[in-house]
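Here the structure comes first, spelled out in structure tokens, and everything after it is commentary.
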Amino acid sequence: MTSPPRYRLLKPHLLRELMERTGTGAPISGRELAAAVDVPSSTIDALLNGVTKTQPADVAERIVRVIGVDLLILWAPTGRAVPAPAEDLPSTAPRTAVTV
């Protein structure tokens with residue numbers, strides 16, 4: 001069974017800047033964004049502070065929809081080119097070492 005795709009937040013500071021002026025021109029707070037995306041406010045706080053670096057694809061897509069930007073402005077799909085940090089992987093995901 002494969003785990004759902006995850007996206008890595010490229011620049012937490014850019015998320016914060018885009019929250020100051022969303023696609024509608026209005027600002028949105030972390031709590032408001034969390035409520036609109038249907039995640040705990042601690043999830044948004046962790047993203048903004050760089051504690052959490054990835055989110056499942058559906059969460060990343062909901063965040064950009066609320067903010068009003070394209071997905072790849074803020075996020076990069078994890079995989080071979082953009083690996084997910086081990087601490088952000090679900091605990092049930094197999095962990096494999098890759099040597100280059």
* List the steps, then state whether side chain to side chain contact (heavy atoms under 4.5 Å, CB included) holds for Leu74 with Leu10. => CA-CA 6 Å; Leu74 282 173; Leu10 297 171; over 6 Å; no

* Is there a path of hydrophobic side-chain contacts, each under 4.5 Å between heavy atoms of I, L, V, M, F, W or Y residues, that connects Val51 with Leu15? -> no

* So which of Val66, Val69, Ile28 actually passes side chain to side chain contact (heavy atoms under 4.5 Å, CB included) with Thr22? -> Ile28

* Drop me the distance from Thr24's OG1 to Ile67's CD1, to the nearest 0.5 angstrom. => 10.5 Å

* To do: Kindly compute the distance separating CH2 (Trp75) from CD1 (Ile63), expressed to the nearest 0.5 Å.
  => 4.5 Å

* Asked: Among pairs that include at least one residue of residues 16-30, which meet salt bridge (Lys or Arg N to Asp or Glu O under 4.0 Å), considering only residues two or more places apart or in two chains?
  -> none

* Under the salt bridge (Lys or Arg N to Asp or Glu O under 4.0 Å) rule, what pairs show up with a residue in residues 54-77, not counting sequence neighbours? -> Asp58-Arg62

Would you be so kind as to tabulate the donor-acceptor pairs closer than 3.5 Å made by side chains of residues 32-50, with sequence neighbours excluded?
unit_1	atom_1	unit_2	atom_2	d
Glu32	OE1	Ser29	N	2.7
Glu32	OE1	Ser29	OG	3.3
Asn49	ND2	Asp45	O	3.0

* Tell me, do Tyr7 and Leu71 make a side-chain contact under 4.5 Å, heavy atoms counted? -> yes

* To do: Consider only side-chain N and O atoms of Thr78 and Arg6, and report whether a donor and an acceptor are under 3.5 Å apart.
  => no

